[in-house]
Q: 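Structure provided below as structure tokens; questions to follow.
Chain identifiers are assigned alphabetically (A, B, ...) following the order of the sequence lines, protein sequences preceding nucleic acid strands; residue numbering begins at 1 within each chain.
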2 protein chains.
Amino acid sequence: MSLQGANLGKPINIDFAERVDLFKNTFVFEGLGDDDIKEIAGMAFAKRFAKGGSIFYQDEPCEFFHVVARGLVKVSICSFSGSRITYLLADRGEPLNLVGPFTGSPRFISAEALEETIVVHVNREDFLSFAIKNHVVIINIISILGSAIDSANGRIIDMIEKPVEQRLLKVLYTLYEKFGNTLKFTSNELAELAGTTTESTLRAMGRLRKRGIITSGRGEVSITRPAKLKLLSDETLWV
Amino acid sequence: MSLQGANLGKPINIDFAERVDLFKNTFVFEGLGDDDIKEIAGMAFAKRFAKGGSIFYQDEPCEFFHVVARGLVKVSICSFSGSRITYLLADRGEPLNLVGPFTGSPRFISAEALEETIVVHVNREDFLSFAIKNHVVIINIISILGSAIDSANGRIIDMIEKPVEQRLLKVLYTLYEKFGNTLKFTSNELAELAGTTTESTLRAMGRLRKRGIITSGRGEVSITRPAKLKLLSDETLWV
DNA sequence: ATTTGTCTATGACGGTGATCATATTCCGGT
DNA sequence: ACCGGAATATGATCACCGTCATAGACAAAT
């Protein structure tokens with residue numbers, strides 16, 4: 001159980017060239033010239049987080065713009081009563097917080113490393129003035145936020161009209177497209193994506209196993225019939 | 001039943017001064033100087049829509065930035081199977097589409113006038129270059145989008161952990177804060193906000209009526225005990 | 001005045017899935 | 001090597017709520 005402040009991340013040095021390479025693969029910066037990329041890369045510094053480490057916590061004011069350089073980060077939102085949904089699974093090149101840098105105010109999300117992870121930070125104000133100077137960045141951010149809103153609304157509709165099993169299929173197919181055949185997630189993590197309980201996820205997975213669509217072991221699921229999966233889950237999420 | 005293109009809205013003239021006044025009350029433009037407000041107001045023109053009229057329809061590419069000048073507009077998203085959730089109830093000063101102008105691409109939302117309504121339009125490109133020139137606008141937009149994302153995620157969690165009645169309480173309290181004691185909405189419209197069916201909404205309303213929290217008539221609900229309502233629905237939505 | 005459609009209202013039914021409980025397996029830490 | 005915690009697995013229960021059906025009230029239209 002990762003207590004707040006338990007794993008704050010250790011500063012770590014990564015090459016300027018490596019940071020440039022990272023930002024060239026970051027969608028938010030797509031459309032920028034090399035010089036601009038270098039400018040923002042020059043302001044960035046990195047931290048390393050162990051599995052389970054907390055990159056930021058809900059209700060903390062936003063100080064940095066974060067981009068994952070290596071590893072995998074789960075961004076999730078948790079209710080008072082304890083239910084939690086994960087909202088983004090960010091790997092290399094994906095930012096963790098697009099809104100925070102603009103408002104500075106805390107939001108109800110927290111970010112946790114799902115494996116050994118390196119996250120690159122840029123000071124909020126630096127990122128802000130850089131974004132404002134470079135319109136492309138703004139447009140990219142707004143279009144990503146638009147997708148996020150669409151996705152969230154889609155999930156609401158799915159909660160209304162789709163049974164657990166179909167939501168899980170959608171989750172699995174989305175993850176398959178992003179991470180490939182072998183998905184290193186626990187049933188609990190999948191449940192947080194599908195908006196259901198661990199038990200229901202386990203039961204649904206049992207059925208999918210019987211139908212030969214997946215195999216599963218402790219902390220991992222393998223897609224054996226992607227084509228069938230695709231067929232069954234017509235749409236995908238944005239995760 | 002409003003068929004596509006049935007009510008496209010009639011061009012209508014409204015004073016320059018009136019447009020300026022509108023934009024001064026539009027949160028997206030908060031922080032702008034008078035001259036800037038006048039500049040964007042100069043580019044705006046208005047249309048009138050009858051009750052039930054369609055301001056824009058899903059899958060249409062975005063051509064304009066829209067702001068409600070008078071009346072009330074329901075922005076909603078509809079699934080293939082027909083379930084629909086309403087995502088925004090916009091009255092005077094509220095924009096209908098913040099993302100569209102930046103991407104230009106169609107999104108899965110549609111906007112319908114709930115009463116006699118006047119909507120002010122600005123050409124997408126005009127609005128875009130204006131926003132980019134004026135950083136405050138960008139920051140305002142991004143912070144609104146952030147709220148929208150938070151709200152949508154909150155609704156997902158509510159779908160998981162709150163029963164219909166509590167979701168309805170939240171909807172009613174939110175509407176009460178925005179529109180006052182008398183809410184001119186049908187049970188079906190409330191259902192689309194609470195993420196449930198018309199029948200379940202009607203049943204829940206019956207219970208609230210028995211508890212003396214509301215009274216209701218055809219197409220309208222009145223809040224008789226706001227304090228109790230507030231107490232029961234600890235949080236509010238962003239609608 | 002009659003009709004038509006929308007909105008409200010309520011009953012009956014049945015399934016889904018959350019909750020609680022228990023058992024077993026697997027992995028990591030000491 | 002042992003122990004403890006986490007993850008998987010599965011059963012039993014039951015309330016919520018979606019679906020279908022029916023009926024009446026009200027408003028607007030012809």
Q: Check if the side chain of B:R203 and the base of D:dG18 share a donor-acceptor pair of N or O atoms closer than 3.5 Å.
A: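 When only heavy-atom distances are counted, B:R203 does not reach the base of D:dG18 through any donor-acceptor pair under 3.5 Å.
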
Q: Return the 5'-most residue of the pair B:P163, A:S216 with respect to DNA chain D, ranking by each residue's nearest nucleotide.
A: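 The 5'-side residue here is A:S216.
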
Q: Of the options A:D21, A:V120, A:L22, which is the one that meets A:I14 in a side-chain contact (heavy atoms from CB on, under 4.5 Å)?
A: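 That would be A:V120.
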
Q: If I take atom NZ in residue B:K162 and atom C1' in nucleotide C:dA18, what distance separates them, rounded to the nearest angstrom?
A: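 About 16 Å, once rounded to whole Å.
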
Q: Describe the nucleic acid contact of B:G219 in one word from base, sugar-phosphate, nothing, applying a heavy-atom distance below 4.0 Å.
A: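 Sugar-phosphate, backbone atoms only, no base.
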
Q: Answer yes when A:K184 and A:E220 have at least one side-chain N-carboxylate O distance shorter than 4.0 Å, and no when they do not.
A: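 Judged by the 4.0 Å cut-off on N to carboxylate O distance, A:K184 and A:E220 do form a salt bridge.
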
Q: Taking only N and O in the side chain of A:S200, is any of them less than 4.0 Å away from OP1 or OP2 of C:dA18?
A: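 Answer is yes, contact under 4.0 Å.
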
Q: Over how many whole Å does the gap from B:M159 atom CE to C:dG17 atom P extend?
A: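 Distance, rounded to whole Å: 12 Å.
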
Q: Using OP1 and OP2 only, check whether a side-chain N or O of B:T197 sits under 4.0 Å from D:dG18.
A: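 Yes, because at least one side-chain N or O of B:T197 sits under 4.0 Å from OP1 or OP2 of D:dG18.
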
Q: Could you tell me whether the phosphate oxygens of C:dT8, OP1 or OP2, come under 4.0 Å of any side-chain nitrogen or oxygen in B:S187?
A: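 Affirmative; the distance criterion is met.
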
Q: To the nearest angstrom, how far is A:R207 atom CZ from D:dG11 atom P?
A: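 Rounded to whole Å, this separation is 12 Å.
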
Q: Consider the side chain of B:R218, meaning its heavy atoms from C-beta on, and name the nucleotide among D:dG18, C:dC7, C:dA18 that approaches it most closely.
A: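 The answer is C:dC7.
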
Q: How far apart are the closest heavy atoms of A:R155 and A:I85, and which atoms are they?
A: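 Heavy atoms of A:R155 and A:I85 come nearest at NH2-CB, 4.2 Å.
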
Q: C:dA18 phosphate, OP1 or OP2: any side-chain N/O from A:T196 under 4.0 angstrom?
A: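 The answer is yes; a side-chain N or O of A:T196 sits under 4.0 Å from OP1 or OP2.
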
Q: Indicate whether any N or O donor in one side chain lies under 3.5 Å from an N or O acceptor in the other, for A:E192 and A:S76.
A: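 There is no such pair between these side chains.
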
Q: Atom CD of A:E199 and atom C1' of D:dA9: how far apart are they, to the nearest Å?
A: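 Computing the A:E199:CD to D:dA9:C1' distance gives 10 Å.
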
Q: Between B:R209 and C:dA9, is there a side-chain N or O to OP1/OP2 distance below 4.0 Å?
A: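 For C:dA9, OP1 or OP2 has a side-chain N or O of B:R209 closer than 4.0 Å.
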
